[in-house]
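This report concerns only the one structure given below.
Chain letters run A, B, ... following the sequence lines, proteins first, then strands; residues in each count from 1. Below, each value reflects all heavy atoms present in this structure, side chains not excepted, and no hydrogens, waters or symmetry copies.
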Amino acid sequence: MTRNTVIQDARVLTADYLPNRMLHRGNERQVIADNLSPILEGLPPIDMLIYGPPGTGKTAMAQYVVDELQKHSPNLLSGFVDGFGQPSRFEVYYKLLRDMNEFVTRGGTSTEELVDKFEEKAYNAPMAIVVDEADQIKDEKVLYDLSRFQNAAIILIANRGDVFVDMDDRIRSSFSSIDEIRFKAYADDEIVDILKDRVKYGLRDEAITSSGLKIIASKSGGDARVAISTLRKAAQKAEREGLEKISKEIIKESFTDAVKDNRSISLKKLNEDQRKLYDVLKEEKQLPSAKLFQAYKQEAEEPPSDRTLRRYMKKMEAYGLIESKGSTRDRKYSLKS
DNA sequence: AGTCCACTGGAACTTGAGGAAT
DNA sequence: ATTCCTCAAGTTCCAGTGGACT
């Protein structure tokens, strides 16, 4: 039997683990709860747009408040959709109905049938619906539909506050009374507190010094997800090497790994052609689209049409892998640093 | 200050995979 | 089996844009 040198409870060291209290988000928690609470008395709730940079607890907090509310009010239905894969209307309603324990078959069911079923449910019970990465939803009608349900609370989550600028006027006005809640990047000392909380339950005493935590915090740039995953990787590495303490060198290495991981998760979602485009772009600092497509076509055996390539570029931009500058004639692409 | 035209992205259509019903 | 439905992803077509070049 081997004794753990550093790790006590590995679960606590994952970014998805929800501690029963979320540090430094007390005000935000209260605002979200206040906006939702009318639903418990049969009154219309206030829809919300939660925005802010990655790793600031937007999703975790929305989920947490909805879960808490559900404990007090068991007949509250809840659903969670992620716009990342740009799901269609069908996918959105399918997922929501599943979350609400409604069995629906995938094939043979039309989108309209799903919507009808959902509508019926929405009339009979209060709901809280969380839409993560709401700016990625390609079918704007979905958001418009959802906004119409009176006793369903809609919580949209996005990185930027200007989700609606590119959208249809109807959608903008249907969300005109939406409460916008900004989640700022954590300050370094706040990250340290969050890490301390994890260390307390996840690691053995004395496994990491507070100056070690400060290093992680300052590197993380206010992103709790990256900070926690750095801590986890550092702990695992120390454990593997049989050390009692996490050294500064280990922290530095682990941070680099954590950032790489973050990116490779997005890269995994690319198909072969998209990956090739990315690799071509990697060779250059910056490339106009025509040159990029030309270079790519020399490598590819059966290149898809230009229209498809343009779509790929959009997608990779949405994933935060590349950046584009300029409009029509002189658009240039580069890797995101 | 006007025309040209390379490039963008919306829309309509096609193809292929996959589940359900018969 | 096969028929009937769905959706995602690709293609074709094309109007619209806004630099480039008179």
Side-chain angles (χ1 to χ4, degrees), chain A residues 79-121 131-146 160 162-172 266-281 284-336:
Chain A
F80 187 93
V81 220
D82 187 349
F84 197 74
Q86 302 189 339
S88 59
R89 258 177 110 219
F90 181 91
E91 295 289 345
V92 169
Y93 285 102
Y94 180 77
K95 175 70 166 47
L96 289 177
L97 285 166
R98 280 289 172 110
D99 285 354
M100 293 167 182
N101 296 319
E102 181 80 17
F103 181 76
V104 276
T105 53
R106 258 193 97 76
T109 315
S110 72
T111 307
E112 291 313 316
E113 262 175 86
L114 292 185
V115 176
D116 287 349
K117 218 167 207 166
F118 182 83
E119 210 161 336
E120 192 188 323
K121 263 188 140 24
V131 184
D132 205 354
E133 313 272 359
D135 46 343
Q136 297 296 315
I137 297 271
K138 104 180 130 181
D139 191 346
E140 299 180 353
K141 198 165 186 295
V142 170
L143 298 179
Y144 179 69
D145 283 354
L146 290 176
R160 292 147 53 89
D162 56 2
V163 188
F164 297 113
V165 291
D166 291 332
M167 293 192 182
D168 194 281
D169 279 343
R170 285 208 326 279
I171 296 154
R172 216 177 313 170
S266 298
L267 279 174
K268 278 204 188 84
K269 297 185 184 187
L270 301 180
N271 68 26
E272 218 177 301
D273 289 310
Q274 293 162 351
R275 188 53 195 259
K276 237 175 238 166
L277 278 170
Y278 182 85
D279 288 341
V280 169
L281 198 53
E284 312 280 336
K285 289 188 291 291
Q286 206 181 42
L287 266 187
S289 56
K291 285 232 168 70
L292 170 65
F293 293 168
Q294 206 186 331
Y296 158 81
K297 279 176 188 165
Q298 303 209 320
E299 308 228 335
E301 289 177 19
E302 289 179 16
S305 69
D306 283 8
R307 183 68 190 90
T308 299
L309 295 181
R310 273 177 250 142
R311 232 196 284 280
Y312 287 167
M313 298 310 284
K314 270 268 161 206
K315 183 168 181 174
M316 290 196 278
E317 206 179 344
Y319 280 13
L321 292 169
I322 61 169
E323 276 176 321
S324 72
K325 285 204 180 76
S327 55
T328 56
R329 284 293 294 269
D330 63 337
R331 179 174 298 180
K332 292 188 177 62
Y333 290 106
S334 57
L335 291 198
K336 195 150 183 176

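The shortest heavy-atom contact between A/G79 and A/M100 is N-CE, 4.0 Å. When all heavy atoms of A/P304 and A/L309 are compared, the pair lying nearest together is CG-CD2, 4.0 Å. For the pair A/L146 and A/F118, the tightest heavy-atom approach, listed with the atom from each and the gap, is CD2-CE2, 4.1 Å.
Between A/E323 and A/Q286 there is no side-chain heavy-atom pair separated by less than 4.5 Å. Side-chain contact between A/Y93 and A/D145 is present, with at least one heavy-atom pair separated by less than 4.5 Å. You'll find the side chain of A/E119 reaches within 4.5 Å of the side chain of A/V115, heavy atoms only.
Note: CG (A/D273) to P (C/dA8) measures 20 Å, nearest angstrom. Regarding A/K315, its NZ atom lies at a distance of 19 Å from the P atom of B/dT8, rounded to whole Å. In this entry the distance linking CZ of A/R89 with P of C/dT6 reads 13 Å, nearest Å. Atom P of nucleotide C/dA9 and atom CD of A/E272 are separated by 16 Å, given to the nearest angstrom. When rounded to the nearest whole Å, the span between CD of A/E302 and C1' of B/dT15 equals 15 Å. Rounded to whole Å, the distance from CZ on A/R331 to C1' on B/dT8 is 6 Å. Atom NZ of A/K332 and atom C1' of B/dT8 are 15 Å apart (whole Å). Here B/dA6 presents its C1' atom at 11 Å from CG of A/D306, a figure rounded to the nearest Å.
In this structure, of B/dT8, B/dC7, C/dG10, it is C/dG10 that holds the atom nearest to the side chain of A/P304. Considering only the side chain of A/S305, C/dT11 comes nearest among C/dT11, B/dT8, C/dT6. Comparing C/dT6, C/dA8, B/dT8 against the side chain of A/E91 picks out C/dA8 as the nearest. Listed nucleotides C/dA8, B/dG9, C/dT11 differ in distance to A/K314; the shortest reach to its side chain belongs to B/dG9.
The NZ atom of A/K117 sits 14.0 Å away from the CG atom of A/L96 when rounded to the nearest 0.5 Å. Taking CZ of A/R307 as the start and CZ of A/R311 as the end, the distance is 4.5 Å to the nearest 0.5 Å. Atom CD in A/E317 sits 6.5 Å away from atom OH in A/Y333 (nearest 0.5 Å).
Heavy atoms of A/N271 sit under 4.0 angstrom from primed sugar atoms or phosphate atoms, though from no base atom. Among the heavy atoms of the strands lying under 4.0 Å from A/Y312 are primed sugar atoms or P, OP1, OP2 only; no base atom is included.
Taking 3.5 Å as the limit, the base of B/dT8 and the side chain of A/R311 contain no donor-acceptor pair of atoms between them.
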Distances under 3.5 Å between nitrogen or oxygen atoms of protein and nucleotides 13-15 of chain C:
none

Below 3.5 Å is the cut-off: list the nitrogen or oxygen pairs between protein and nucleotides 17-21 of chain C, distance only.
residue, atom, partner, partner atom, Å
C/dG18, O4', A/T328, OG1, 3.3
C/dG19, N2, A/R329, NH1, 3.4

Donor-acceptor pairs under 3.5 angstrom involving side-chain atoms of residues 270-281 of chain A: please list them, not counting sequence neighbours.
residue, atom, partner, partner atom, Å
A/N271, OD1, A/D273, N, 3.0
A/N271, OD1, A/Q274, N, 2.8
A/N271, ND2, A/Y312, OH, 3.4
A/D273, OD1, A/Y296, OH, 2.7
A/Q274, OE1, A/N271, N, 2.8

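Look at A/T308 and you won't find any side-chain N or O under 4.0 angstrom from OP1 or OP2 of C/dA9.
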